[in-house]
Amino acid sequence: MPVYKGEARMSSPDLNPPQTEAALHTQGPLLVFAGAGSGKTRVITYRIANLIAKEGVPPYRILAVTFTNRAAKEMRERLGKLLGDSIARDIWAGTFHSTCAKLLRQYGASVGLTRTFVIYDAQDQKSLVARILREHNYDDKRFAPKQVLSWIGKQKQEAKTPDTCTDNAFERGYAELYALYDKQLRACNAVDFDDLILRTSQVLSDPKNPDGDRIRNRFEYVLIDEFQDTNAVQYKLMRSLVSAHKNLCVVGDDDQSIYSWRGADVRNIRGFEHDFPDAKVVKLEQNYRSSAHIVGAALAVIAPSRTREPKELWTANEAGEPIEVIGLETEREEAALIVSYARQAREAGLDLRDVAVFYRINAQSRVLEEALRAANMPYQIVGGMKFFDRAEVKDALSYLRVLDNPKSDVDLLRVINTPARGIGDSTVDKLTTHAALRGLSITDALACADEVADLSSGPKKKLAAFGKLLVQLRERALTLAPSELLSEVLDESGYRATLRAENSPEADSRLENLQELYGSLRDFEVEVAAAGEVATLSGFLERVSLVNDVDQMEDAARVTLMTVHSAKGLEFNLVMLTGMEEEMFPYRGFDGRDDDQLEEERRLAYVAITRARQRLVMTHVQRRQIFGTTRACVPSRFIGNLPHDAVVHRSTSLPRPRYVDQPNYATYGSSRDTRRESERPWSHPQGPPRQAPPPVAPGERFVDREFFDEGASDFDDGPHFRPGSSVFHERFGHGKVSAIAGGAEPIVTAFFPGWGEKKVLMKFLSAGR
DNA sequence: CGCGAGCTCTTTTTT
DNA sequence: AGAGCTCGCG
């Protein structure tokens with residue numbers, strides 16, 4: 001019998017009244033509006049603990065859906081502390097996607113999936129659609145794979161199937177493609193991300209399907225976090241999941257709804273009471289996380305939003321440090337400032353894991369990264385190019401996936417000529433045509449390669465040899481541990497040998513990445529073994545598909561760089577929010593932004609600000625080089641919204657002249673402007689700052705560099721090697737640098753006695769004698 | 001059939 | 001600025 005050790009705490013002042021109300025709720029629907037930093041996670045864990053300990057609900061009958069796997073893991077850890085790890089382990093906790101993947105492994109048969117189905121990512125999807133377009137002679141001017149996929153994705157997010165998706169003649173072509181794409185996925189025993197939800201929902205909503213009832217009976221209590229970011233299928237799935245008992249708790253904040261572009265519908269949370277009229281509603285409005293200045297700033301930024309659920313965030317915390325708004329000339333200077341601030345924070349005793357740098361788009365990270373690296377400041381970048389998206393890693397995974405699931409054509413085609421084994425495009429074309437005509441998978445077609453029409457004996461032999469390789473490897477897969485299989489694959493396929501033979505710095509780097517993949521597979525095996533289970537290939541591949549970068553984030557003493565989207569749900573002592581300029585944040589895409597999108601940008605800014613506990617720094621520049629051109633920049637309207645008394649302005653130069661074309665702006669961006677957001681000018685000028693930084697004579701150039709470190713801005717010569725430097729390399733020993741080629745991964749040319757001149761990646765070098 | 005060079009094209013946010 | 005693509009050559 002579980003003993004609930006935290007019982008004493010439950011009634012203690014640990015929880016405020018609304019928190020207690022939510023935590024003690026048991027039966028029926030519950031809607032929790034959880035303001036930023038209002039102790040939401042704690043309420044959720046206490047509530048689950050209460051269900052288990054007081055109500056006697058078995059942990060395995062509780063499903064908790066979180067936004068990231070990281071959040072699920074953290075929740076489990078907290079519950080472990082309250083109830084013990086063995087109980088916490090039995091709770092179902094994960095994202096919608098990982099939960100559905102788990103369910104489909106077991107209950108996927110009725111929707112055409114076997115236990116070894118694979119999950120296709122964006123790249124896989126694209127290559128599949130491209131192939132369909134080619135094979136069916138679609139006009140690739142009218143049908144771009146990306147557009148086709150985004151249209152299909154939208155249908156799936158709205159729970160629409162190929163036959164129910166549209167009767168609009170204009171969209172007929174898309175609907176046909178959806179049908180073809182769907183058919184291919186089924187033939188491949190594969191799903192895409194949206195399918196994970198859609199197919200699970202289909203299992204649940206088919207009244208004749210006994211699996212639906214099995215799943216329903218399994219979960220007596222369902223909790224969904226970040227509910228404002230659920231889409232229509234997820235909502236539908238949720239409804240059929242709880243239709244019997246209605247023991248549903250949803251938690252969210254409409255002010256933090258930032259994923260509408262992914263199909264998320266904020267009406268799910270705003271209209272919740274309509275679908276569940278007897279729902280109990282609790283509002284958590286006290287912020288415990290941030291200083292009063294930061295809470296005030298967040299409120300000021302979100303206030304102009306026209307559509308908000310009524311609620312009032314407040315805090316009893318102290319005012320704290322003012323928010324710093326810093327104007328700089330270029331993005332390089334901005335990066336230098338970030339380095340300088342991080343350094344000062346570290347010297348002041350702040351742990352670097354408590355320092356974060358946010359930006360609106362990933363493209364902004366490069367310059368920041370270069371500056372941090374040059375300054376030897378430890379950092380990690382979340383997002384951007386993922387480890388598992390690298391070509392060599394994807395190749396290796398494709399081998400594993402097609403071994404696990406022979407029907408996966410996309411994976412087979414990816415590796416059929418990687419490394420090059422003389423199977424060219426025309427041979428592959430004939431093979432795929434042959435397979436399509438007979439309704440075979442490519443693996444099957446390979447098994448009888450000599451029957452392929454129009455193929456001479458050379459290519460046939462090569463196909464047969466590759467087919468044989470796969471058969472042999474598949475046999476080995478039966479007895480080998482997944483990590484051993486990977487090793488075998490890399491050897492037998494010639495992949496490793498080909499890279500070794502290349503003997504270039506890039507190839508070395510790829511080999512290293514493959515080694516890292518091997519390492520992560522080993523880690524997975526150890527972890528699974530610790531839980532008393534056996535590591536399966538499918539299990540590993542699924543994890544790889546569904547982890548995101550925030551899940552992967554290391555808990556190390558480093559500055560963290562990420563997009564604002566990735567930052568949702570996290571918190572840091574010091575947050576530096578970069579690129580606070582019109583067109584950057586709010587971001588302006590190709591076709592501008594409509595009102596709804598601008599509101600979402602505003603909510604995004606709200607999310608960014610509320611991540612900070614003690615200190616918030618916002619930077620903006622006068623000109624920024626991005627996408628190959630230089631743009632002139634104006635401070636973001638969100639800066640204009642900040643309360644004057646909470647802000648200190650600084651800059652390294654006089655702001656650009658402001659062309660005031662709207663008399664209203666004398667109040668420095670106050671929300672007195674009642675026009676709709678989109679009617680206000682885009683590059684609207686700021687009024688003069690109310691609270692000027694140190695006084696400056698008009699026209700005089702004011703440069704305030706006292707808040708810079710000496711030397712922080714000249715990171716150009718930052719790389720610690722230059723021509724003439726002595727370096728050390730694992731294999732080549734000591735040498736002397738002759739040249740350095742920059743870029744994200746700098747390549748150093750150096751002379752090594754006994755080896756001659758070699759080009760190596762800088763990361764493989766250390767300082768020599 | 002495979003590789004390289006030039007070309008174009010795209011550029012938000014991600015499970 | 002960078003990646004991905006097509007085309008042409010060996």
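All values below come from the heavy atoms of this structure, side chains included, with hydrogens, waters and symmetry mates left out. Just so we're on the same page: letters track the sequence lines, and every chain starts at 1. In this text, all values refer to a predicted model and were calculated from it rather than measured experimentally.
DNA chain B is contacted by both A:N417 and A:F193; A:N417 maps to the nucleotide lying nearer its 5′ end (nearest heavy atom per residue). Judged by closest nucleotide on DNA chain B, A:K462 is the one of A:K462 and A:K146 placed further toward the 5' end.
Between A:F67 and A:F227, the distance separating the two ring centers is not shorter than 6.0 angstrom.
A:E502 meets the salt bridge (charged side-chain N to carboxylate O under 4.0 Å, His left out) test with no other residue; sequence neighbours excluded. Applying the side chain to side chain donor-acceptor pair (under 3.5 Å) rule to A:R631 yields no partners; only residues at least two apart in sequence or on another chain are considered. Annotation: salt bridge (charged side-chain N to carboxylate O under 4.0 Å, His left out) contacts of A:D254 (sequence neighbours excluded): A:R270, A:K311. Applying the side chain to side chain donor-acceptor pair (under 3.5 Å) criterion to A:D182, with sequence neighbours excluded, gives A:R186. In this view, A:D124 and A:K394, A:R401 satisfy the salt bridge (charged side-chain N to carboxylate O under 4.0 Å, His left out) rule, not counting sequence neighbours. Applying the side chain to side chain donor-acceptor pair (under 3.5 Å) test to A:T116 and every residue at least two apart in sequence or in another chain returns A:T114. Scored by the salt bridge (charged side-chain N to carboxylate O under 4.0 Å, His left out) test, A:R414 finds A:D395 as partners (sequence neighbours excluded).
For residues 93-106 of chain A, the pairs satisfying salt bridge (charged side-chain N to carboxylate O under 4.0 Å, His left out) are A:R105-A:E542, with sequence neighbours left out. Among pairs with a residue in residues 227-237 of chain A, those fulfilling side-chain hydrogen bond (donor to acceptor under 3.5 Å, both in side chains) read A:E226-A:Q228, A:D229-A:K568, A:T230-A:N268, A:Y235-A:D275, at least two apart in sequence or across chains.
Across all strands shown, A:N362 has heavy atoms under 4.0 Å from sugar-phosphate atoms exclusively, and none from any base. Here A:S566 lies in heavy-atom contact (under 4.0 Å) with sugar-phosphate atoms only. A:Y259 comes within 4.0 angstrom of the backbone, heavy atoms only, and of no base.
Counting only distance, with no hydrogens or angles, the side chain of A:R360 and the backbone of A:V564 share no donor-acceptor pair below 3.5 Å.
Distance A:D389 CG to C:dA3 P: 14 Å, rounded to the nearest Å.
Contact check of residues 420-434 of chain A against DNA chain B (heavy atom, cut-off under 4.0 Å) returns A:G422, A:I423, A:G424, A:S426, A:T427.
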Where do N or O atoms of nucleotides 5-8 of chain C meet protein N or O atoms at under 3.5 Å, pair by pair?
none

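C:dC5 and B:dT12 are spaced 23 Å apart, taking the C1' atom of each and rounding to whole Å.
Taking the 5' to 3' direction, DNA chain B first and last meets chain A under 4.0 angstrom from a heavy atom at B:dC1 to B:dT15.
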